Structures are given as C-alpha cells and as structure tokens.
Amino acid sequence: MHSKPCLLLLLFALLCNPIQARNASSMASDLRSCLSSAQVHNLSFSSSSSSFSNLLNISIQNLRFTDPSIPKPLAIILPSTKSQIQTSILCCRRTGVSIRIRSGGHSYEGQSSTSSSLPFAIIDLMNLKSIHFDISSNTSWVQAGASIGELYLTISTLSNLSLAISAGSCPTMGAGGHIAGGGFGFLSRKYGLAADTVVDALLIDYEGKVFDKRSMGSDVFWAIRGGGGGSWGVVYAWKLRAVPVPNTVTRFTLQRGGATVPDAALLLHKWQTIAPNLPDEFYLSTLISGDINGNLTTISISFSGLFLGSKTTAIAIITSRFPELQLSDSDCIEETWLDSATHYAGLDSSAQLSNRSQLKDYYKAKSDYVRAPISKHDLEMVLDKLAGVSPAYLILDPYGGAMSRISESDLPFPHRAGILFSIQYLIGWTAEDERSGIGEKYIDDLRGFYEFMAPFVSKNPREAYANYLDLDLGGEIFFGEF
Ligand SMILES: Cc1cc2nc3c(=O)[nH]c(=O)nc-3n(C[C@H](O)[C@H](O)[C@H](O)COP(=O)(O)OP(=O)(O)OC[C@H]3O[C@@H](n4cnc5c(N)ncnc54)[C@H](O)[C@@H]3O)c2cc1C
Ligand SMILES: *[C@@H]1O[C@H](CO)[C@@H](O)[C@H](O)[C@H]1NC(C)=O
Ligand SMILES: *[C@@H]1O[C@H](CO)[C@@H](O)[C@H](O)[C@H]1NC(C)=O
Ligand SMILES: *[C@@H]1O[C@H](CO)[C@@H](O)[C@H](O)[C@H]1NC(C)=O
Ligand SMILES: *[C@@H]1O[C@H](CO)[C@@H](O)[C@H](O)[C@H]1NC(C)=O
Ligand SMILES: *[C@@H]1O[C@H](CO)[C@@H](O)[C@H](O)[C@H]1NC(C)=O
Ligand SMILES: *[C@@H]1O[C@H](CO)[C@@H](O)[C@H](O)[C@H]1NC(C)=O
Ligand SMILES: *[C@@H]1O[C@H](CO)[C@@H](O)[C@H](O)[C@H]1NC(C)=O
C-alpha cells in the first residue's frame with residue numbers, strides 16, 4: 001500500500017543519482033573514454049597542468065576570466081571535423097557535462113570559457129578555420145574558428161583587393177561568436193552587419209544533428225544571426241556574401257585632446273546628427289574620455305573616419321557638413337581597404353591580420369543606443385560626469401545608412417531605423433591594478449555612469465548590443481539546458 005511513494009522515490013533516485021553520485025574525476029574519465037572511442041583525440045583534461053591552463057587562457061580576451069577563482073572546465077575539446085563536433089556534443093551529454101562553445105574567445109563576459117553550470121567542457125573550434133572563396137558567386141564558406149583578420153586577409157587576397165567582408169574591427173575575434181552576435185564595423189553603414197551578409201550556415205544542434213539553411217527552417221536560420229551565440233547550437237560554418245570595395249579608401253584619425261567640456265560638447269552635439277546622416281560610404285566614429293586635474297576638467301575626443309572613396313571627396317564632404325573638424329589633406333591616408341583594416345587594428349602589415357596573439361587587459365563594458373539627439377546642456381553634464389570616472393571611455397558608433405534600411409524584424413537585431421548611434425562604455429585596467437583590487441571599484445564606477453545615462457538613451461526598452469555582452473542585464477547563456 002505504500003508502493004506509490006516508493007516508486008516515486010525509486011524514480012527520483014534513478015534520475016538524480018547517476019549525476020550527483022559521480023565526482024568530477026569519474027565524469028572526466030567517462031568523457032575521455034566516450035571521446036576516444038569516437039576517435040576524438042585532441043583533448044586536454046588535467047586542470048592542474050600548465051598546458052591545460054595555457055590552452056584555456058590562450059583565447060580568453062578579457063583577463064578577468066582567467067582568474068583562479070573563475071570556474072574552470074573539466075576538459076577542453078578541439079574538434080577538427082564536423083563529425084568530431086557532433087561526437088563531442090553527444091559525449092558531453094551522455095556523461096552529464098555541460099557545454100561551452102568557443103571560437104575566438106572574445107566574449108566580454110567570458111561566456112565561452114566559464115560557466116555556472118558545472119561541470120562543463122569547452123568545445124573550442126580553433127582548429128576549424130578554413131575559408132573557401134567562390135569566385136563565381138563572391139560568397140565564401142567560413143569555418144567558425146577562423147578569425148576575422150584571417151577572413152579579411154583571405155577575401156581581399158583572393159579577390160585581388162576588390163572585395164571585403166562587412167564585420168568588426170578587431171582581427172582576433174572569431175567568426176563563430178562575432179557573427180552570431182551581429183558584427184558591426186566600418187562597412188556596416190554601407191552593407192549592414194556581418195550577420196546581414198550571411199546567406200547560409202551549417203548548424204549542429206544539441207542532438208548532434210547537422211542542418212543547413214533549408215533544413216533548419218526559417219525560424220532557426222533567423223534566430224542564429226544576431227542575437228548572440230552559444231544557445232541554439234554550434235555554428236560549424238557561415239556562408240557569407242563578400243562586398244565590393246574601391247581600390248583605395250580614405251582613412252583618418254583626428255585627435256582633439258585637452259578640450260574643455262563646452263568645446264567637446266559642441267563637437268559631439270554636431271557629430272550626433274551629422275555622422276548618422278553622412279553618405280553610406282562614410283563611417284565616422286568617436287572615442288571620448290575625460291580627466292579631472294585639480295579644478296581643471298579636460299576631455300579628449302578623437303574621430304576615426306573611413307571613406308569608401310578618394311580623399312578629395314572625403315575632405316569636401318566633411319568641409320561642407322562638419323567644418324569644425326577641420327579635416328585637412330595631411331590628416332588623410334589613401335590606401336587599400338585591407339590596409340585600412342590592418343592600420344585600424346594597430347598593425348603594420350596585412351600579413352599580421354592572421355596573427356592570433358593579442359594584447360589583453362582586464363575590462364568591463366556596457367552599451368546603449370541613442371534615438372534622440374542629446375542636448376548641448378545634457379552633453380556637458382555627461383562629459384563632466386565622465387571625467388570623474390576616469391579611466392572609463394566611450395566609443396560612439398554612427399548608425400544610419402544601410403543599418404536603417406534593413407527591417408528590425410529581419411534578424412534578432414532590432415537596432416535599425418531611428419537609431420542615431422550606439423554607445424559603448426568601457427573601463428580597463430592592468431594586472432597590477434587587478435592585484436590591488438581596484439577593478440571592482442572601476443566596475444562599480446562604470447555601472448554608476450550607466451545609471452546616470454538612463455535619461456539620455458533609448459527607453460522602454462533600454463536597448464543594448466548582444467555582442468557587447470553585459471551580464472548585469474541578465475542572460476547567462478546555456479546550450480541545450482532549458
Ligand atoms: C577587442 C574587442 C573588439 C571588438 N570589436 C567589435 C566590433 O568592432 N564589432 C562588433 O560587433 N563586436 C566587437 N566585439 C565584440 C565581439 O563581436 C564579441 O565579443 C563576439 O562574441 C566575439 O566572438 P568570438 O567568437 O571571438 O567569442 P567567443 O567568446 O568564442 O564566443 C562568444 C559567444 O558566442 C558563442 N559561440 C562562439 N562560437 C560559436 C559557434 N561556432 N556557434 C555558436 N555559438 C558560438 C560562445 O559560446 C559565446 O557565448 C569586440 C570584442 C573585443 C574583445
Ligand atoms: C570518484 O568516483 C570514483 C568512481 O565512482 C571513485 O573510484 C573515486 O575514488 C572517487 N574519487 C573521489 C575523489 O571521490
Ligand atoms: C591540438 O590542437 C592544438 C591547437 O591547434 C595544436 O596545437 C595541437 O598540436 C593539437 N594536438 C594534437 C594532439 O593534435
Ligand atoms: C592563466 O592565467 C592565470 C591568471 O592570470 C594564471 O594564474 C595562470 O598561470 C595562467 N596559465 C598559464 C599557463 O600561463
Ligand atoms: C563579384 O565581385 C566582383 C568585384 O566587385 C564583381 O565585378 C562581380 O560582378 C561580382 N560577381 C557577382 C556574381 O556578384
Ligand atoms: C586575380 O588576379 C589573378 C591574376 O591576375 C587572376 O587569375 C584571378 O582570376 C583574379 N581574381 C579575381 C577575383 O579577379
Ligand atoms: C584653479 O586652480 C588654480 C590653481 O590651484 C587657481 O589659480 C585658479 O584660480 C582655480 N580656478 C578656479 C576657477 O577655481
Ligand atoms: C604576433 O603578435 C604578437 C603580439 O602582438 C607579437 O609579439 C608577434 O611578434 C607577432 N608575430 C608575428 C609573426 O608577427
């Protein structure tokens with residue numbers, strides 16, 4: 001007569017015990033034998049070994065997530081074929097190990113390298129980086145582990161510099177995560193996001209099944225392009241449309257250091273209405289920081305420009321629309337699009353675009369979108385406040401152009417018509433600062449500044465960019481666990 005509770009108890013035990021009773025080392029050995037019987041051999045296990053730690057650290061871009069206190073994976077798996085990804089997923093599931101997917105490791109919140117769902121393994125796609133360009137259609141299949149720099153270099157070279165890829169500015173980002181989160185860059189006002197140029201994709205789901213655009217269905221194909229990676233499945237490869245660029249483009253960076261708050265506010269006030277309305281061929285962003293020294297507040301403001309055309313035309317456009325910038329011939333460099341991407345990345349030669357090693361630091365980022373111009377008076381308040389949260393800085397990216405012509409329902413990226421610009425809030429620090437514990441204060445400062453900005457930015461909802469991932473807004477990413 002008490003068989004019912006017993007049955008329930010038995011069921012409960014069966015469901016829960018196999019996972020709970022096993023310790024990490026037995027799960028690791030189960031995972032290892034599952035993978036090795038399926039011929040997946042490039043693995044790293046022992047979290048105490050320095051080769052494991054090195055492999056883990058190698059692509060963690062934000063050093064905050066290398067800290068010993070951050071949960072470490074049980075294993076790092078480096079598949080080198082599509083079927084090895086399938087096997088890796090199935091073996092993790094069979095052994096009760098959660099999955100993190102890693103391409104370039106540039107997640108602002110370390111989401112590709114740590115997890116709160118323990119134990120977990122990283123499926124790292126760094127060995128899947130081939131790029132096949134089809135000259136007859138100007139499209140290319142790009143494996144997720146290819147870096148954006150490798151992609152730029154390959155497409156430029158194979159198209160004799162006539163084509164480019166519309167994506168972000170940092171060459172060490174991975175195609176996998178970057179495109180899954182949108183991918184905004186110098187060409188986006190002309191051609192949209194990287195995600196807007198995706199024409200097909202190969203996706204491996206939590207059951208280990210492979211889908212292309214047709215077989216995954218239009219909803220899934222919509223979902224994987226722009227809302228952020230890590231949850232829908234493993235993108236094995238993207239098929240991207242390459243976009244035409246002229247033989248030479250014009251690049252400039254104008255430093256306006258030591259400006260007073262009113263002077264800088266005046267420039268910004270003009271910029272916010274001019275930059276989003278420039279011709280599509282013009283990208284003009286600004287980077288702003290401030291400092292307070294005694295009773296003196298100074299603002300440093302710099303403008304980065306890229307124009308898909310000659311410097312004569314670039315200067316004519318700026319002189320008529322934004323004369324305050326005083327853009328002159330000597331500020332402008334005419335070079336190939338590939339060289340402009342190289343130089344914006346701080347590199348000397350385009351061959352270095354395929355160099356995966358990178359400068360890293362500790363940082364926190366947040367983001368906003370602005371739909372209505374901010375008044376001069378409010379901009380002065382913003383700059384005064386910013387100067388007090390040094391070393392924080394802002395990067396303002398102009399939208400408009402193609403960004404505003406693509407429908408907000410096209411992709412899970414709704415920041416289209418009506419957006420003037422995005423704001424990225426950043427604060428970075430060194431290993432020494434980290435040891436002194438000041439990092440926590442910096443993060444709090446940035447959060448305070450973000451709160452302060454609420455009246456001046458988009459509302460209901462307050463928008464943010466998935467690629468500038470900010471877990472303060474919630475949304476830790478899980479693959480296949482709902
Ligand atoms: C220095 C720097 C500069 C940046 N500049 C720009 C910029 O100019 N424009 C812009 O738009 N963004 C920029 N970003 C943000 C960048 O686009 C995101 O951080 C992006 O997620 C990085 O992709 P990743 O593959 O390198 O990162 P990862 O950390 O490997 O992945 C990011 C997320 O995607 C998931 N993921 C990774 N690979 C796959 C895959 N194959 N399939 C499914 N999910 C996957 C991960 O699990 C994780 O959740 C920059 C970031 C940094 C650090
Ligand atoms: C882990 O579990 C295995 C098998 O269940 C057992 O042999 C081993 O002693 C356990 N290790 C620890 C540290 O508990
Ligand atoms: C595994 O992949 C890494 C990264 O590419 C490589 O350095 C290493 O040699 C590979 N190891 C094996 C055993 O193939
Ligand atoms: C990885 O980074 C952490 C934190 O900076 C450090 O303690 C560890 O020694 C690094 N591992 C290797 C192999 O460099
Ligand atoms: C491919 O790009 C080249 C260079 O811009 C262009 O001349 C050609 O017409 C394009 N081909 C297709 C099929 O779009
Ligand atoms: C690039 O130039 C080479 C050699 O001149 C030629 O064979 C190739 O077809 C060209 N590719 C494109 C995309 O124009
Ligand atoms: C700012 O400080 C300087 C030097 O301490 C002083 O001479 C000056 O009067 C101060 N200016 C204002 C506006 O307070
Ligand atoms: C790659 O970049 C690193 C760090 O930026 C640098 O030290 C190294 O020399 C570069 N390697 C090549 C081959 O350029």
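We count ligands from 1, going down the list as the structure has it; atoms in each ligand are counted the same way. All values derive from a computational prediction rather than experimental measurement.
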Min side-chain heavy-atom separation Ile288-Trp271 under 4.5 Å:
no

How about Phe186 and Tyr344: are their ring centres within less than 6.0 Å of each other?
yes

How far is atom 9 (O) of ligand 3 from its nearest protein heavy atom, and which residue and atom name does that atom have?
Asn42 ND2, 4.8 Å

Protein heavy atom under 4.0 Å of atom 2 (O) of ligand 5:
yes

Quick one: are the ring centres of Tyr362 and Tyr442 less than 6.0 Å apart?
no

Would you check whether Ser136 reaches within less than 4.0 Å of ligand 5, judged by its heavy atoms?
yes

Taking distance alone, with N or O pairs closer than 3.5 Å, would you say His41 contacts ligand 3?
no

What's the shortest distance from atom 5 (O) of ligand 5 to any protein heavy atom, and which residue and atom give it?
Leu163 CD2, 3.6 Å

Got an N/O contact under 3.5 Å between Arg100 and ligand 1?
no

Atom 15 (C) of ligand 1: the protein heavy-atom neighbour that sits closest, reported with distance to 0.1 Å
Asn467 O, 3.4 Å

Atom 7 (O) of ligand 3 touched by protein (heavy atom, under 4.0 Å)
no

Below the 3.5 angstrom mark, is there an N/O of Gly168, backbone or side chain, next to an N/O of ligand 1?
no

Restricting to heavy atoms, the pick from Ser159, Ala164, Ser162, Ser137 nearest atom 4 (C) of ligand 5 would be Ser162

Could you identify the single nearest non-hydrogen protein atom to atom 1 (C) of ligand 1 and state the distance to 0.1 Å?
Cys170 SG, 3.7 Å

Would you confirm whether the ring centroid of Tyr363 sits within less than 6.0 angstrom of the ring centroid of Tyr108?
yes

In plain terms, say whether Asp470 and Lys364 are close enough for a salt bridge, that is, a side-chain N and a carboxylate O under 4.0 Å apart.
yes

Heavy atom of the protein closest to atom 13 (C) of ligand 1 (residue, atom name, distance):
Met173 SD, 3.5 Å

Atom 11 (N) of ligand 5: closest protein heavy atom, distance to 0.1 Å, is Asn138 ND2, 2.9 Å

